There are 2 protein chains.
Amino acid sequence: MEPSQSMFAAASGKRLNSRAIAAAAGVSQATVSNVLNHPDVVSPATYEKVMAVMESLDFVPNRSARDLRAGGGSALGLIVLDISNPFWGELVRGAEEVAAAKGQPVIVCSSEQSAQKEEQFLRLLESHQVSAVLIAPVAPDSPALRGARRRGTRLVFLDHADTAEDVISVGVDDVKGARMAAEHLLSEGHRQVAFVNGPRSISACRDRARGFLGAYTGAGPDARVTEISVPAMTGREGMAAVEALLEVTPAVSAVFCANDMLALGVLRGLSRRGVKVPEQVSLVGYDDSEFAEVLSPALTTVRIDPFEIGRRAARVALDLSPEEAGASPVVLEPHLIVRESVLPRQA
Amino acid sequence: MEPSQSMFAAASGKRLNSRAIAAAAGVSQATVSNVLNHPDVVSPATYEKVMAVMESLDFVPNRSARDLRAGGGSALGLIVLDISNPFWGELVRGAEEVAAAKGQPVIVCSSEQSAQKEEQFLRLLESHQVSAVLIAPVAPDSPALRGARRRGTRLVFLDHADTAEDVISVGVDDVKGARMAAEHLLSEGHRQVAFVNGPRSISACRDRARGFLGAYTGAGPDARVTEISVPAMTGREGMAAVEALLEVTPAVSAVFCANDMLALGVLRGLSRRGVKVPEQVSLVGYDDSEFAEVLSPALTTVRIDPFEIGRRAARVALDLSPEEAGASPVVLEPHLIVRESVLPRQA
DNA sequence: TTGTAGGCGTTATCAG
DNA sequence: CTGATAACGCCTACAA
């Protein structure tokens with residue numbers, strides 16, 4: 001019976017470290033390190049021997065020590081607005097795919113739109129020496145963010161295509177996306193429409209308003225938009241907005257919602273009141289959530305790709321795309337997905 | 001002009017550390033550490049002085065060093081099946097709330113139901129010295145999991161109420177939840193029903209099948225369930241299942257789906273074929289997703305609380321609930337949410 | 001090719 | 001109450 005793993009583990013109360021591996025393999029600690037980090041510099045025989053020992057002892061190196069020694073971190077920080085929203089979930093997946101390929105896990109924080117939590121998480125991530133922080137900022141110019149940057153923390157802004165300062169950002173052109181929705185409605189003859197928007201404090205809402213209202217403003221004197229603002233972009237708020245919506249119906253023949261959840265709520269509210277979509281009122285959403293194509297009627301919406309945003313942001317953060325490193329911001333294209341919820345306006 | 005932060009930062013090319021703080025405050029490194037970790041043991045005057053310096057210099061301690069010294073980790077690991085699904089997103093939020101209160105961030109990994117990724121992430125988390133791993137296992141008894149436990153990694157199973165071994169687990173009683181759905185349908189007179197289920201390899205699907213079929217089996221000779229199995233629990237698969245569903249309609253007067261996304265797809269598929277819900281076919285979902293109450297008809301479903309699962313699991317993992325530490329597994333109660341998608345069976 | 005030695009930033013121990 | 005010192009596990013010069 002040779003000295004097996006359990007014997008080793010039992011013998012020493014301490015956790016397995018590279019020194020123990022070295023001892024078991026009859027080499028020095030440095031050689032173990034070389035096997036792990038510079039396999040080319042070690043002889044095949046030694047390599048095999050050390051690898052065998054590591055496997056049989058089930059060795060897992062200690063990142064804290066490695067990071068400390070390296071003076072840097074080996075995890076990617078990520079601060080999103082709401083991890084329970086599939087949009088951000090997809091974004092996390094994208095970031096994770098890229099980070100995992102570089103051997104880095106993703107530390108996810110959900111700020112819940114609280115500036116206080118944002119700051120708290122930011123410091124927590126910094127103390128963990130993350131290699132970078134991808135962040136959807138509650139406010140784009142808080143002291144917390146300034147501080148982080150001053151301390152040398154690498155920051156990548158998400159879903160925030162502002163070309164404001166020297167910040168690196170990856171996002172979608174929401175102005176354009178909303179304009180595409182507007183142009184689609186205009187081309188179907190809808191001159192008087194409603195726009196159910198979230199709070200203007202969210203930059204995405206500002207951009208979508210800019211794009212949508214801009215297109216209608218430029219569409220002639222008879223084109224008019226009634227903007228209805230709700231405090232949160234949820235299905236419930238969408239249903240509540242129907243109250244206000246009915247006051248301007250039937251003058252408006254179509255409704256554009258700042259995201260699909262709002263559109264879902266509006267759809268539900270309207271059908272409760274006996275208003276048929278799209279026969280009486282056309283409806284357009286934003287995001288192309290998973291449920292959009294499966295609604296009745298299937299929702300015409302603007303598709304954005306949070307997975308891709310996450311991927312690109314992580315790439316920039318981890319220096320995998322040098323060509324993008326300088327050219328900030330990275331702006332992705334939205335796509336109009338025409339389904340069944342828009343009909344030409346009845347003359 | 002006093003020695004300000006920028007001067008310090010500029011003067012030394014190295015990152016700010018506790019030694020620099022000590023020097024700036026005219027105390028020893030150990031005192032700085034005490035200010036941080038044992039404030040009670042340091043004199044108020046010194047405390048204030050050191051704190052002032054730390055704030056003005058914007059000091060963020062290095063966790064890698066702390067963790068290394070402490071011989072443990074200060075982050076919570078979390079492996080979910082699909083981070084883009086709001087169910088898991090909510091669960092992450094719950095875990096994060098608890099962990100953040102203990103100053104620990106959450107490292108999130110999405111296994112995408114791949115055993116290979118699961119193992120890879122598990123090792124990654126272990127190398128990061130996480131204090132524990134909350135995991136929704138792809139398979140409940142893989143060698144990877146055994147290995148992790150052998151290495152002394154603390155594991156908490158999610159959404160997996162098996163009382164199999166000495167594993168700690170936090171989950172929902174899906175057998176009971178599905179039984180509640182069945183009893184509701186039975187009480188409304190639905191004796192012949194269909195059950196659209198996900199793959200049996202997922203333990204939640206097994207449990208839901210057990211509960212639902214069990215209730216019908218015990219409900220008398222005329223009660224019958226047609227089970228339709230689909231490969232993934234998505235809206236698309238739900239729509240596809242309608243094909244098979246129509247073959248057994250109108251014999252079956254109700255459909256139970258293993259989750260809300262499937263129900264959404266079924267709803268859409270049925271309405272496409274001109275089958276009215278709930279007038280012709282009643283429908284029950286599972287999960288109580290955000291969109292459930294906003295559908296037409298509002299979906300009757302079984303509510304489970306992923307946020308609470310995350311909270312409880314993190315508590316157990318971080319030793320905040322000693323009373324639960326021994327009593328594994330923690331099983332949460334599901335709730336039937338009656339809305340509009342079930343009507344008494346027409347005689 | 002392999003071994004020796006020093007230090008990354010922090011905390012705990014122990015002496016003053 | 002405060003300060004000097006050692007150690008955590010690993011990596012990287014440098015020496016052999």
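Owing to the predicted nature of the structure, the values given are computational and were not obtained by experimental measurement. Every chain is numbered from 1 and lettered A, B, ... according to where its sequence line falls, protein lines coming before strand lines.
The phosphate of C:dT11 (OP1 or OP2) has a side-chain N or O of B:N37 nearer than 4.0 angstrom. Side-chain N/O atoms of B:H38 include one lying less than 4.0 angstrom from OP1 or OP2 on C:dA12. Phosphate contact (OP1/OP2 of C:dT10, side-chain N/O of B:S33, threshold under 4.0 Å): absent.
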_Could you walk me through whether B:E119 and B:S142 satisfy the side chain to side chain donor-acceptor pair (under 3.5 Å) test, starting with their C-alpha distance in whole Å, then the side-chain angles of each, then the deciding distance to 0.1 Å, before giving a yes or no?_
CA-CA 9 Å; B:E119 171 158 19; B:S142 67; over 6 Å; no
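Using a 4.5 Å heavy-atom threshold, the side chains of A:R154 and A:V133 count as separate. Side-chain contact between B:V60 and B:L16 is absent, with no heavy atoms from C-beta onward closer than 4.5 Å. Side-chain contact between B:D141 and B:R146: present, with at least one pair of heavy atoms (C-beta onward) separated by less than 4.5 Å. Contact of the A:N37 side chain with the A:R66 side chain is registered, since non-hydrogen atoms from C-beta on lie closer than 4.5 Å.
Of all nucleotides in DNA chain D having an atom under 4.0 Å from a heavy atom of chain A, the first and last in 5' to 3' order are D:dC8 to D:dT12.
Near-neighbour residues of DNA chain C inside residues 63-73 of chain A, defined by a heavy atom below 4.0 Å, number-ordered: A:L68, A:R69.
Distance, A:H128 NE2 to C:dG9 P: 17 Å, rounded to whole Å.
A donor-acceptor pair under 3.5 Å links the side-chain atoms of B:S111 to the main chain of B:V80, judged by distance alone. Formation of a donor-acceptor pair under 3.5 Å by the B:S131 side chain with backbone atoms of B:A75 is found in this model.
Comment: A:E96 does not engage A:R93 in a salt bridge, judged by the lack of any side-chain N to carboxylate O separation of less than 4.0 angstrom. B:E308 has a carboxylate O that lies under 4.0 Å from a charged side-chain N of B:R312, or vice versa, which qualifies the two as a salt bridge. Contact check on A:E126 versus A:R151 returns a salt bridge, with a Lys/Arg side-chain nitrogen under 4.0 Å from an Asp/Glu carboxylate oxygen.
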Using atom names, set out every protein N or O paired with an N or O of nucleotides 1-4 of chain C below 3.5 Å, distance rounded to 0.1 Å.
unit_1	atom_1	unit_2	atom_2	d
C:dT2	OP1	A:S43	OG	2.9
C:dT2	OP1	A:T46	OG1	2.2
C:dT2	OP2	A:S43	N	2.9
C:dG3	OP2	A:S28	N	2.9
C:dG3	OP2	A:S28	OG	3.4
C:dG3	OP2	A:T31	OG1	2.7

